[in-house]
Amino acid sequence: MPKTLVTLQQLIQLRARGIKELSGQLSSQKQLNQRYENNIQALQKLSVAPADASSNAAMMINQAHYKKNIQRIINWQKQEQALAQLKTRQLQDDLLAEARRERRFQLALEQRREGIAIDEGRKAQKATDAISAQCWLRRHRAT
């Protein structure tokens, strides 16, 4: 097998591994995005706890501080979620680019194989033509 074919096959294998790794990273990142969404929803449920009308002032102040802190955590989780979504988009773009590169190498390999097959066909045809010419010459000389 020609060295170029071996090299192209190795490059395709490397690209396939890269795609597999990026797919795994993308899957993990999507899970992280979902965790942030679940956290935000759970925190929002905590922040809307009903206020008891018979509560004293100290409890109301405590509840206000609690809601303020919960809201701060929600905001922080939303920021983290936004960053995670950006990373997800970047991973998707990287995965698409890597898949395109792998496809280009696959096409190059296929074209190279086709070229080799055509060359081998030409060589076989030349050999057949040479044998035919020798047979014709022998027959022509014999008569």
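Residue numbers start at 1 and run along the sequence shown.
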Verdict with supporting geometry, L107 and E110, side-chain contact (heavy atoms from CB on, under 4.5 Å):
CA-CA 5 Å; L107 289 173; E110 289 172 16; 4.0 Å; yes
Using the side chain to side chain donor-acceptor pair (under 3.5 Å) rule, take N75 and R72 through it: C-alpha gap first, then chi angles, then the decisive distance, then the call. CA-CA 5 Å; N75 293 340; R72 203 176 81 235; over 6 Å; no
Where do K30 and Q34 land on the side-chain contact (heavy atoms from CB on, under 4.5 Å) test, with the steps shown first? CA-CA 6 Å; K30 284 182 177 181; Q34 188 58 48; over 6 Å; no
Inset, instruction - For the pair Q106 and R103, evaluate side-chain contact (heavy atoms from CB on, under 4.5 Å) and give the outcome as yes or no after the intermediate values. - result: CA-CA 5 Å; Q106 286 175 342; R103 184 66 184 141; 3.4 Å; yes
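Residues I116 and L109 share a single hydrophobic cluster, defined by chaining ILVMFWY side chains whose heavy atoms lie under 4.5 Å apart. Hydrophobic clustering, with ILVMFWY side chains joined whenever heavy atoms are under 4.5 angstrom apart, keeps I19 apart from L96. Residue V6 is grouped with residue L11 when hydrophobic side chains (ILVMFWY) are merged at heavy-atom distances under 4.5 angstrom, including chains of intermediate members. Note on W76: it does not cluster hydrophobically with L83, by side-chain heavy-atom contacts below 4.5 Å among ILVMFWY residues.
Residue L14 holds its CG atom at 9.0 Å from CZ of F105, rounded to the nearest 0.5 Å. From N39, atom CG reaches atom CD of Q44 across 11.0 Å, with rounding to the nearest 0.5 Å. Taken from OH in Y36 to NZ in K78, the straight-line distance is 15.0 Å, to the nearest 0.5 Å. Note that CD of Q10 and NZ of K3 are 9.5 Å apart. Values are rounded to the nearest 0.5 Å. Taken to the nearest 0.5 Å, the CG atom of L26 stands 13.5 Å off from the CD atom of E21. Within the model, atoms CG of L46 and NZ of K67 stand 11.0 Å from one another, a figure rounded to the nearest 0.5 Å.
Looking at heavy atoms from C-beta onward, Q71 lies out of side-chain contact with K68 at the 4.5 angstrom threshold. Under the 4.5 Å side-chain criterion, counting only non-hydrogen atoms from C-beta, R138 is in contact with Q134.
Taking a cutoff of 4.0 Å between a charged side-chain nitrogen and a carboxylate oxygen, K126 and D129 do not qualify as a salt bridge. E98 and R101 are joined by a salt bridge, as a carboxylate oxygen and a charged side-chain nitrogen come within less than 4.0 angstrom of each other.
For the pair S27 (side chain) and G24 (backbone), a donor-acceptor distance under 3.5 Å is absent.
Heavy atoms only, all atoms of each residue included: I74 and L43 are closest at CG1-CB, 3.4 Å.
For E37 and N33, the side-chain atoms include no donor-acceptor pair closer than 3.5 Å. R35 and N38 share no side-chain donor-acceptor pair at under 3.5 Å.
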